[in-house]
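Data block below; observations after.
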Amino acid sequence: MPPALLKSLFAGTIFSSAFLLFLVQPLIAKQILPWFGGSAAVWSVCMVFFQVVLLAGYAYADWLTRRPARVQAAVHCTLLLCSLVFLPIITAAHWKPTGAEDPSLRILGLLLGTIGLPYFLLSTTGPLVQSWLARTPWGVQVYRYFSLSNLASLASLLAYPVLIEPYTALREQALGWSWGYAGFVLMCGAASLYAAGLKPYAPDPHSRPTASAALPQAAPSLGTYGLWLALPAMASWLLLAVTNHITQNVAAIPFLWVLPLSVYLLSFVLTFESDRWYRRSLLLPATAVALLLCAYGLQDGIGYGLQTGVPLYVGGLLVLCMFLHGEMASMRPGHAYLTRFYLMLSIGGALGGVTVGLVAPHVLPAYYEMGIGLVLVAVLGAVVFRRQRLRAGVCMLLVLACSYFVWQQVRDEQDGTRRMARNFYGTLSSLDSIDADKPKSSVRQLYHGSVKHGEQYLAADRRREATAYYGKTSGVGRAILSAPATPRRVGLIGLGAGTLASYGRAGDVYRVYEINPQVFDFADSEFSFLKDSPAQIERVQGDARLALEREAPQRFDVLAVDAFSGDSVPIHLITAEAMQVYLRHMQPEGIIAFHVTNRFLNLAPVVEKIALAQGLQVAFVHDEAAASDLRRTDWILVSRSAQRLQTLLIRTASSAITAIPGLRLWTDDFNNLFGVLK
């Protein structure tokens with residue numbers, strides 16, 4: 001086979017494996033997001049799975065490369081053929097949660113059963129094929145192929161939200177990926193069969209050695225192994241910590257998940273492409289500044305604003321990963337220890353991911369892993385430069401400065417907080433906001449991350465008043481108050497503090513769907529809306545849409561879909577298929593009230609388009625609430641009955657919705673948050 005064709009085969013195998021490896025991540029995450037409430041934590045758990053399987057793949061590559069070449073080809077080709085059984089990669093319905101299980105374990109099991117072996121084999125390709133390349137004359141610069149693989153990963157990650165997601169149905173995406181994987185199996189199989197006949201390459205002793213060939217072949221020391229482990233571990237730690245911070249505390253916009261991962265991959269591309277990108281004279285001062293700014297931002301407003309927080313932490317992540325991966329690249333060994341080097345890299349990545357993605361939610365009461373990670377990076381810098389007194393001293397000063405800012409963050413968040421708890425779905429906290437001049441206006445507030453989810457007056461005579469987004473002049477307030485005077489049946493998707501129960505009367509039934517069990521706990525222990533309501537309160541734990549799909553028709557007079565008030569948007573609750581589910585549970589003249597108040601997304605036209613496409617009636621209620629303690633809100637009321645939306649309370653408050661040109665009908669397959677950005 002001509003050398004040019006062989007180079008193309010090896011490069012194509014590495015590129016396609018990396019492209020498919022990272023393309024499947026958003027693809028599979030989008031398939032399962034609706035089953036777990038659209039939470040950003042789904043992405044974090046998926047990332048942990050991908051990192052752990054990557055570790056398994058690198059360990060397999062390290063083991064396999066120590067076997068004879070023909071054994072390598074036989075074993076790998078057999079596994080490649082077996083992996084085709086997993087195609088197409090479409091998640092089976094039996095993996096849908098019931099609401100009682102641990103969502104993290106459910107997601108891990110689902111991913112293992114759906115894409116486990118194909119993902120494992122894709123993850124082995126980089127180090128395995130590079131080890132084969134090292135036996136060829138053109139494999140002397142083998143580490144550049146690692147840069148190529150990361151470039152392919154970055155390309156696929158950016159292509160998905162821009163070129164694939166907006167134009168292709170989920171099933172078509174899964175089928176397309178599956179065909180792409182079948183093509184990869186053919187290329188990788190051909191490469192492994194060719195490699196079976198290769199012998200170790202012996203360079204011409206009279207030729208000038210390349211930089212790669214001159215890499216040291218001595219066995220790495222224990223200290224080197226430790227740094228090979230710690231450097232990628234902290235990069236992975238920061239990746240998930242930054243993702244958590246900007247999606248929970250800065251702007252709960254799902255596609256912001258992609259930004260940190262793109263920056264993380266870019267740092268790999270640059271540092272492993274060649275040594276020219278990582279220059280200590282430039283990167284070390286930048287790293288010190290990034291550590292200080294990111295730590296300072298955790299206890300200052302600049303770290304929590306959309307215009308300042310996202311650039312600060314995404315830019316900071318790039319600089320810090322350039323330092324961590326740059327130091328890692330500078331320690332890369334010769335070909336004899338290539339797969340061991342990648343194995344340690346993947347172990348470190350998995351350790352960092354597991355710590356932040358699985359351990360932190362059960363150990364830390366809030367998102368403190370970001371600050372802890374910054375301190376540990378400074379400590380690691382002192383270890384790296386332990387033989388350089390000045391640099392090590394600067395690193396220790398950075399440790400002290402970052403520790404101080406983290407302490408300030410913890411103190412500020414705990415000060416005045418009555419209760420704080422964290423689980424898979426994020427951090428909940430309650431606090432009292434006391435108004436000394438107007439004691440009657442003092443309230444207890446519930447926050448999910450940085451988003452307020454309700455409040456209640458502390459004064460005994462005002463405890464049953466509807467507050468915040470749920471006042472009598474809001475869309476949902478008007479929908480409930482204009483319902484028939486007979487006993488009402490009201491459904492609530494999303495509980496918050498339980499404020500809407502304040503509308504309950506004796507004989508009414510309020511059925512609450514809430515995916516986060518801690519929200520029920522807070523509503524009972526910190527607020528009294530549920531216990532004070534004369535209505536009968538029914539509770540359903542789990543994703544609302546999955547629960548409604550399983551239940552018999554509930555015949556609601558009003559169904560409040562209250563999941564769009566600034567938190568991560570659970571898109572599966574705002575599609576044409578979701579509307580069909582809701583309609584099955586409504587009285588003929590019932591109202592579905594969608595809460596679309598959102599700082600970042602214009603969701604009103606989305607709901608209107610879905611409703612009109614199904615021949616439903618729409619009323620948009622924008623409430624400024626200027627003369628009260630209530631919040632400005634946007635609600636869209638949808639009903640089969642035009643007459644129902646023409647009642648005085650609703651008609652007098654309705655206004656027109658400004659259309660979004662070119663907006664497509666949102667379905668489970670087609671939805672695009674880019675198109676509704678404000």
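These numbers come from a predicted model, not from an experiment.
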Should the pair Tyr119 and Phe49 be assigned to parallel (<30°), tilted (30 to 60°) or perpendicular (>60°) ring geometry? tilted

What donor-acceptor contacts under 3.5 angstrom involve side-chain atoms of residues 311-323, with partners at least two apart or in another chain?
from: Tyr313; atom 1: OH; to: Cys294; atom 2: O; distance (Å): 2.6
from: Tyr313; atom 1: OH; to: Leu298; atom 2: N; distance (Å): 3.2

What residues, two or more places apart in sequence or in another chain, satisfy salt bridge (Lys or Arg N to Asp or Glu O under 4.0 Å) together with Asp521? Arg419

Given Leu23 and Tyr160, is the side-chain contact (heavy atoms from CB on, under 4.5 Å) satisfied, shown in steps? CA-CA 7 Å; Leu23 185 62; Tyr160 184 79; 3.9 Å; yes

With sequence neighbours left out, what residues match Glu165 under salt bridge (Lys or Arg N to Asp or Glu O under 4.0 Å)? Lys30

With sequence neighbours excluded, residues passing side-chain contact (heavy atoms from CB on, under 4.5 Å) with Thr224: Pro220, Ser221, Trp228, Met331

Crowded around Phe520 CZ? As in, over 12 foreign heavy atoms under 6.0 Å? yes

Please list, chain by chain and in numerical order, all residues satisfying side-chain hydrogen bond (donor to acceptor under 3.5 Å, both in side chains) with Arg631, sequence neighbours excluded. none

side-chain hydrogen bond (donor to acceptor under 3.5 Å, both in side chains) filter on Gln299, not counting sequence neighbours, yields none

Restricting to salt bridge (Lys or Arg N to Asp or Glu O under 4.0 Å), what partner residues turn up for Arg386, sequence neighbours left out? none

Contacts of Gln388 that satisfy side-chain hydrogen bond (donor to acceptor under 3.5 Å, both in side chains) - sequence neighbours left out: Arg391

Would you list the pairs meeting salt bridge (Lys or Arg N to Asp or Glu O under 4.0 Å) in which at least one residue belongs to residues 353-368, sequence neighbours left out? none

Within residues 353-369 or reaching into it, pairs that qualify as salt bridge (Lys or Arg N to Asp or Glu O under 4.0 Å) - sequence neighbours excluded: Glu369-Arg422

Is there a side-chain contact between Phe385 and Arg280, using heavy atoms and a 4.5 Å cut-off? yes

All salt bridge (Lys or Arg N to Asp or Glu O under 4.0 Å) counterparts of Arg279, not counting sequence neighbours: none

Walk me through whether Glu327 and Tyr278 qualify under side-chain hydrogen bond (donor to acceptor under 3.5 Å, both in side chains). CA-CA 8 Å; Glu327 289 297 324; Tyr278 179 63; 2.5 Å; yes

Between Thr427, Leu431, Leu428, which is the residue that forms a side-chain contact (heavy atoms from CB on, under 4.5 Å) with Met420? Thr427

With sequence neighbours excluded, residues passing side-chain hydrogen bond (donor to acceptor under 3.5 Å, both in side chains) with Ser430: Glu526

Angle between ring planes, Phe268 versus Tyr264, binned at 30° and 60°: parallel, tilted or perpendicular? perpendicular

